[in-house]
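Just below is one structure, and these are the notes that go with it.
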Amino acid sequence: MAQEFRIWLKRRKFVAMSLAAGLPIFLPGRAARGSGGVLPGDRITLGFIGVGAMGRGHLSWFLKYPDVQVLAVCDVDRWRREHAQQKVQAAYAVQQPSRSFRGCACYNDLRELLAREDIDAVVIATGDNWHAMATVLAAEAGKDIYCEKPLSLTIYEARAMVRAVRRFGRVFQTGLQQRSAPEFRLACELVRQGGLGKVKHVFVNFPGTSSHVELPAEPVPDGLDWDLWLGPAPWRPYNRRFHPYGPPQGVVPWHFCRDFGGGNLTSNAVHAFDIVQWALNMDQSGPVEIIPPETGTVPYLTYRYATGTVLEVLPRLDPRYHEIPPDWDENTTIQPFGALFVGEEGWIHVGRQGFLRAYPPHLIEDYLARYDHGEAVGNHHRDWLEAIRTRRPAVADVEKGCRSTIVSHLGCIAHWTGRRLQWNPETEEFINDDEANRLRRRAMRPPWQV
């Protein structure tokens, strides 16, 4: 009875707020938080945590969906949160007879947004240093979660995110949207079903990791909560290269600094690693050996799987180091975010926006008959919303996102140590390497901890 009263009181309060704001009246999405149900016809209520370049992009998409209502935005940058709030209110105002809408709140501190009981789910598009902490807090608050890639800043944080999502029964979608793109689904299906025979090599693009950097202190802009921007990361003085106040300038301007990201491997190559993991049936596992070029034994960052498949991170194939596949132009750049799979019976090269090439061509002819161009981001959002309603796993569930992100972290750690590393994907430990194992985790600045 007490639980039913709390639900009734929550809905009564929400309706009163809706009337005051000129909001179309609907009931908040969850019949009872944690019960797993979303009533048919109800809109899913969202809060956005981080509205920089990626967050603003997601916000634009979700504002198009009639079965979604954005109730709040949060950012430590005042300009960004206020512009996001204005964007939401302008989008919903056109649906009102009065052409007025004031139903979107904005917050500086994510904890205030997460405390709202009328928000069903959150979209997290902060910097990498906040992904784990924001996810754990959101799961504890009973919210379903869409979190941008890479899933975490460290291997430990990735696993902590899995534990929190599982413990609190949340639906989680990682922002690895190629899982929802038709060209990638087609290519991975072909590889998984043995269309190439045994896969010998896989090649992906975006080599390079981050480093320790020291930048001079600059005045913190008025309107930026720099301490909260840093959050769990080590304290360091503000510099505009980490965060240009106001309109976003680039997607991840801070990823060159090890305190905040892992460079290309975590910001970009993670998309390709996710496809490789999927195609090789490694969603519950990963590589067993990582060899960086710093060893002098390989020209590019190289991974080996227990199956014998070799994965390399490089811009293009080099005949000095690689056996060039039949009918392959040596000047071809490996597709950004895509992958080239080379098997005993042919190869397939997949990239974004419908890029698909294969040898021999008949490998994909049967598949192309049912190939349908779609919008990866939109499909990825819709998959998450449907998963929230049905309580099934999303296509890029937290475990898959965790495993793919760990591949990125393994490459970073190999570069940083400069050594050949042996990895046990079951225990998620390096074999006989204490230094590498220490790099699986970093201290988090109090009061933040996962």
Side-chain angles (χ1 to χ4, degrees), residues 21 23 45-64 68-94 99-116 119 121-131 133-135 137-138 146-149 153 175 213 215-233 235-257 259-261 267 377 445 448:
L23 195 72
T45 53
L46 295 184
F48 280 73
I49 301 172
V51 283
M54 294 304 297
R56 285 158 62 95
H58 288 302
L59 181 60
S60 295
W61 273 98
F62 279 106
L63 287 173
K64 300 175 184 178
V68 165
Q69 185 82 30
V70 178
L71 295 185
V73 296
C74 175
D75 202 292
V76 296
D77 184 312
R78 183 175 61 206
W79 188 97
R80 297 185 185 189
R81 68 175 175 266
E82 289 182 353
H83 275 70
Q85 180 189 41
Q86 293 165 13
K87 183 183 183 73
V88 173
Q89 302 199 143
Y92 290 146
V94 299
R99 293 296 186 264
S100 176
F101 180 88
R102 295 292 183 271
C104 179
C106 67
Y107 300 97
N108 177 68
D109 191 321
L110 78 166
R111 290 169 292 189
E112 295 180 48
L113 183 151
L114 292 173
R116 288 185 54 161
I119 291 178
V122 293
V123 177
I124 299 170
T126 60
D128 302 0
N129 56 309
W130 262 108
H131 286 178
M133 192 72 253
T135 290
L137 290 173
Y146 185 110
C147 184
E148 257 303 331
K149 58 76 194 170
L153 188 66
V213 297
L215 298 178
E218 296 177 348
V220 178
D222 181 38
L224 175 65
D225 188 333
W226 178 240
D227 185 72
L228 204 52
W229 189 96
L230 290 169
W235 188 90
R236 58 167 58 237
Y238 170 80
N239 185 284
R240 73 189 70 185
R241 287 190 62 194
F242 298 135
H243 179 90
Y245 179 76
Q249 300 173 23
V251 176
V252 285
W254 34 259
H255 78 156
F256 63 92
C257 177
D259 286 345
F260 308 133
S267 293
V377 175
R445 193 167 62 105
W448 312 107

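In what follows, every heavy atom counts, from backbone to side chain, and hydrogens, waters and symmetry copies are set aside. For this chain, numbers begin at 1 and follow the sequence in order.
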Checklist entry - What heavy-atom pair brings L113 and C74 nearest, and what distance separates the two atoms? => result CD1-CB, 3.9 Å
Checklist entry - Is it true that a side-chain atom of H131 and a backbone atom of T126 form a donor plus acceptor pair closer than 3.5 Å? => result yes
Using a 3.5 Å cut-off and no angle test, enumerate the donor-acceptor pairs between side-chain atoms of residues 51-60 and protein atoms at least two apart in sequence or in another chain.
unit_1: H58; atom_1: ND1; unit_2: H381; atom_2: NE2; d: 2.9
unit_1: H58; atom_1: NE2; unit_2: E148; atom_2: OE2; d: 2.6
unit_1: S60; atom_1: OG; unit_2: R56; atom_2: O; d: 3.2
unit_1: S60; atom_1: OG; unit_2: K87; atom_2: NZ; d: 3.1

Item to check | Approximate separation, where rounding is to 0.5 Å, of R80 CZ and C106 SG | outcome: 15.0 Å
Item to check | Worked check of side chain to side chain contact (heavy atoms under 4.5 Å, CB included) between L46 and Y146 | outcome: CA-CA 10 Å; L46 295 184; Y146 185 110; over 6 Å; no
Next on the checklist: Tell me every residue that passes side-chain contact (heavy atoms from CB on, under 4.5 Å) with D227, counting only those two or more places apart in sequence or in another chain.
Outcome noted: D225, W235, R445
Item to check | Pairs touching residues 243-253 that satisfy side-chain hydrogen bond (donor to acceptor under 3.5 Å, both in side chains), sequence neighbours left out | outcome: D77-H243, W229-H243
Next on the checklist: For Y107 versus A72, what's the shortest heavy-atom pair and its separation?
Outcome noted: CE1-CB, 3.7 Å
Checklist entry - Sequence neighbours excluded, which residues qualify as side-chain contact (heavy atoms from CB on, under 4.5 Å) partners of C257? => result V213, R236, F242, D259, F260
Checklist outcome for this item: In short, G47 meets I119 closest at the heavy-atom pair N-CG2, 3.7 Å
Next on the checklist: I'd like to know whether N108 forms a side-chain hydrogen bond (donor to acceptor under 3.5 Å, both in side chains) with R78, so could you lay out the CA-CA distance, the side-chain angles of the two residues, the decisive distance to 0.1 Å, and finally the verdict.
Outcome noted: CA-CA 7 Å; N108 177 68; R78 183 175 61 206; over 6 Å; no
Checklist entry - When you measure from the side chain of Y92 to the backbone N and O of V70, does any donor-acceptor pair fall under 3.5 Å? => result yes
Item to check | Exam field: side chain Q85 to backbone V73, donor-acceptor pair closer than 3.5 Å | outcome: no
Item to check | Gap between atom CG of D109 and atom CG of L228 - 0.5 Å precision | outcome: 5.0 Å
Item to check | Closest contact, heavy atoms only, A105 versus R116 | outcome: CB-NH1, 3.4 Å
Item to check | Pairs involving residues 237-249, ordered by first then second residue, that meet salt bridge (Lys or Arg N to Asp or Glu O under 4.0 Å) (sequence neighbours left out) | outcome: E218-R240
Item to check | For W130 against P232, the heavy-atom pair lying closest together | outcome: CE2-CD, 3.8 Å
Checklist entry - Is the shortest heavy-atom distance from the side chain of I49 to the side chain of L114 under 4.5 Å? => result yes
Checklist entry - Between G261 and D128, what is the shortest heavy-atom contact and its length? => result CA-OD2, 3.9 Å
Checklist entry - S267: what forms a side chain to side chain donor-acceptor pair (under 3.5 Å) with it, not counting sequence neighbours? => result H255
Item to check | Side-chain donor or acceptor of N129 paired with backbone N/O of L153 under 3.5 Å | outcome: no
